[in-house]
Amino acid sequence: MLGDEALALGAIHAGLSGAYAYPGTPSTEILEYVQKNALARERGIHSHWSSNEKTAMEEALGMSFCGKRSMVSMKHVGMNVAADPFVNSAMTGANGGMMVIAADDPSMHSSQNEQDSRFYADFAMMPALEPSSQQEAYDMAAYAFNISEQFGIPVLMRLVTRLSHSRAVVETDTEAVAENELHYPANPKQWVLMPAMSKVRNRQLIADNCKFVESSDKSPFNSYAEAHDHRLGIVANGIAYNYLMEVFGGKCPFPVVKIGQYPLPQNMLRRLYDSCDALLVVEEGQPFIEKQLLGLNDSGKKIYGKLSGIVVRDGELSPDSVAEAIARLLPKAEGLMCNEVPEKAENIAPRPPMLCQGCGHRDVYAALNEALASYENPKVFGDIGCYTLGFLKPFNAIDTCVDMGASITMAKGAADAGQHPAVAIIGDSTFTHSGMTGLLDAINENSPILVIISDNLTTGMTGGQDSQGTGKIEEICLGLGAAPEHVRTIDSLPKNHDKMVQLFKEEIDYQGLSVVVSRRECLQTARRHASKK
């Protein structure tokens, strides 16, 4: 199973009642697995692609309030969208077990940054788990629900791309746990986050963190492995532990603390620190553990890792990079399989991603570029989706791409500064995710911007999941208050090229808010629909 699939199956077998998500690499396969799993269908487990990560988080929290086990999954930047309910869920607590899954993307295979979701758990004072293998991903699901109900708080589950999207054999239970019966919180007042109740809950959360640390020290997913060479002690988290074991063929000559549950197991780490001459922290992601160790044990012994430059700080780790870090400290370490990194081939042509041949976004960009050619210094504000590839050759069509929904709000801000033309281009799924509120701002001030909603009737970038706005885009715009005469629709077909150019020019010249919905079904989903028929 993929790591994503193993975690999803573990949740189903552990009595899951509801799964919510917004698609995003590398987390997408979690909800997809729930939706296609036979047991989940038989039980009627609720599974839903939500409008965005915030709504998904709140829906899962509502199910937890009613005593049922729920999970919400997203990629790491989705945690930014869900941050408000996520952080506050530590204050409300959980009734039914609740698992919040964040799939991080080191090396930014399909992301804007390399942020590390462990910081969110630390910030919210919430327990967190991190599997090192597909088997642990499966096993951790039931464990997460159990400690969530034990401590009355959601639990963050952190995955990374290499674990989410690699496969391994997973041993599963033969029987699934029954779902929880409907039941309500023993203290419903703590779910009303008014200051009087929140102050009480905050003191309790601080006190509970001592229990979370104690639980980490006893966790089956944290371990201390003794060894004979105490010149170096190694701390490794999640998949980085696998890389470490591969470097030494499964038998590390140095003592190792494996981290799979947070907060950090302080007793294990102090034991390692006291018994070794120096420590090396090998962690996938940002120097989260290393920073805490430097603060906890700043008494002279060297602690090496990403901050010291011994371990590479950007991108994913690998067995080679871990071996190189150890070899820098102890060049002749016993059993070190330090393979030479092959030289990079120079005769391989780069193959950047590109829009599919025949994609409707291509026709939109071709028409938009022609329409803008007659204006001085036009600016096009892009968004997150397949159409972001319009930045690349041959279109070179967008000037910015920051986060979900930023196209409309940035275009409005640019227009406020006097920029003209200011054009926003956004997809249908991204529009319902985060674009509607920005459009409302622009409508309320009748900002002189053109908003192009390139509607391909699906969430195309992540594999063709349902889009929440399908068939409703124009109605949403009109409902928000856009002028009916400036909400216009066109099929983004090659035969309509000249009409699109003219339409774009007309709306750019209008000194107010206008929306053009360019519609053409994604080729990939169209083919799937045709094959089903």
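All residue numbers in this chain count up from 1 along the given sequence.
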(message) Taking CD in E181 as the centre, count heavy atoms belonging to other residues, nucleotides or ligands within less than 6.0 Å. Is the count above 12?
(response) no
(request) Quick one: closest heavy-atom pair of N180 and G67, and the distance? (result) ND2-O, 3.0 Å
(message) Rounded at 0.5 Å granularity, tell me how far CD in Q502 sits from CD in E370.
(response) 10.5 Å
(message) Salt bridge or not between D509 and K505? Use side-chain N to carboxylate O under 4.0 Å.
(response) no
(request) Could you pull out the closest heavy-atom pair between V515 and L513, with the gap in Å? (result) CG2-CD1, 4.0 Å
(request) Locate the shortest heavy-atom distance separating I452 from S518; write the atom from each residue and the value. (result) CG2-OG, 3.9 Å
(message) Quick one: does any side-chain atom of Q134 pair with a main-chain N or O of S166 as donor and acceptor, under 3.5 Å?
(response) yes
(message) If the threshold is 4.0 Å, N to carboxylate O, is there a salt bridge linking D441 and K412?
(response) no
(message) If the threshold is 4.0 Å, N to carboxylate O, is there a salt bridge linking K54 and D84?
(response) no
(message) Over 60° means perpendicular and under 30° means parallel, so tell me whether Y184 and F65 are parallel, tilted or perpendicular.
(response) tilted
(request) For Q465 and T28, run side chain to side chain donor-acceptor pair (under 3.5 Å): C-alpha distance rounded to whole Å, both residues' side-chain angles, the deciding distance at 0.1 Å, then the answer. (result) CA-CA 9 Å; Q465 296 78 23; T28 307; 4.9 Å; no
(request) Check whether more than 12 heavy atoms from other residues, nucleotides or ligands sit under 6.0 Å from atom CZ of F123, and answer yes or no. (result) no
(message) Just checking E485: does its CD atom have more than 12 heavy atoms from other residues, nucleotides or ligands closer to it than 6.0 angstrom?
(response) yes
(message) Are the side chains of M157 and M71 in contact, using a 4.5 Å heavy-atom criterion?
(response) no
(request) Please determine, by modelled atom types, if S467 and D428 share a side-chain donor-acceptor pair under 3.5 angstrom. (result) yes
(request) Could you tell me whether the side chain of M140 reaches within less than 4.5 Å of the side chain of M99, counting heavy atoms only? (result) no
(request) Measure the shortest side-chain to side-chain distance between E32 and W49 over non-hydrogen atoms and say whether it is less than 4.5 angstrom. (result) yes
(message) As an exercise, state the distance from CD1 of I12 to CZ of R43, rounded to the nearest 0.5 Å.
(response) 9.5 Å
(request) Heavy atoms only: give me the nearest F119-Q286 pair and the separation to one decimal. (result) CE1-OE1, 3.3 Å
(request) Nearest 0.5 Å please: distance from the CD atom of E29 over to the OG1 atom of T462. (result) 9.5 Å
(request) Carefully, step by step, assess E316 and T161 under the rule side chain to side chain donor-acceptor pair (under 3.5 Å). (result) CA-CA 9 Å; E316 294 175 293; T161 301; 5.2 Å; no
(message) For the backbone of L503 and the side chain of R488, can you confirm whether one donor and one acceptor N or O come within less than 3.5 Å of each other?
(response) no
(message) Return the CZ to CG distance between F391 and N396, rounded to the nearest 0.5 Å.
(response) 7.5 Å
(request) Looking only at non-hydrogen atoms, find the nearest pair between I408 and G435 and report the distance. (result) CD1-O, 3.5 Å
(message) If only side-chain N and O atoms count, and only distance matters, is there a donor-acceptor pair under 3.5 Å linking S164 with D4?
(response) yes
(message) Check whether N37 reaches the backbone of Y33 with its side chain - one donor and one acceptor, N or O, closer than 3.5 Å.
(response) no
(message) Measuring only between side-chain heavy atoms, which start at C-beta, is D455 closer than 4.5 Å to L457?
(response) yes
(message) Are T25 and H109 packed together at the side-chain level, in the sense that at least one heavy-atom pair is separated by less than 4.5 angstrom?
(response) no
(message) Whether the S429 and Y22 side chains hold a donor-acceptor pair (N or O, under 3.5 Å, no angle test) is what I'd like checked.
(response) yes
(request) For residues Y387 and I398, determine if any side-chain heavy atom of one lies less than 4.5 Å from a side-chain heavy atom of the other. (result) no
(message) Nearest 0.5 Å, please: how far is SG in C477 from CG in L440?
(response) 11.0 Å
(request) Over all heavy atoms of both residues, which pair between Q419 and N377 is shortest? Give the atoms and the distance, please. (result) NE2-O, 2.9 Å
(message) If we count only N and O atoms by modelled type, under 3.5 Å, do the side chains of E59 and H46 hold a donor and an acceptor together?
(response) no
(request) Indicate yes or no: at least one non-hydrogen side-chain atom of V160 is less than 4.5 angstrom from one of H76. (result) no
(message) Donor-acceptor pair, distance only, cut-off 3.5 Å: does the side chain of S148 make one with the backbone of M98?
(response) yes
(message) For the backbone of K379 and the side chain of D399, can you confirm whether one donor and one acceptor N or O come within less than 3.5 Å of each other?
(response) no
(request) Report the distance from atom CD1 of I30 to atom CD of E5, rounding to the nearest 0.5 Å. (result) 10.0 Å
(message) Between R118 and D104 (salt bridge meaning N to carboxylate O under 4.0 Å), is one present in this structure?
(response) no
(request) Ignoring hydrogens and angles, tell me if any N or O in the side chain of T430 forms a donor-acceptor pair with the backbone of I384 under 3.5 Å. (result) yes
(request) Name the orientation class of the two ring planes belonging to Y365 and F395 (parallel below 30°, tilted from 30 to 60°, perpendicular beyond 60°). (result) tilted
(message) If you define the side chain from C-beta out and look only at heavy atoms, does anything of R362 sit under 4.5 Å from Q357?
(response) yes
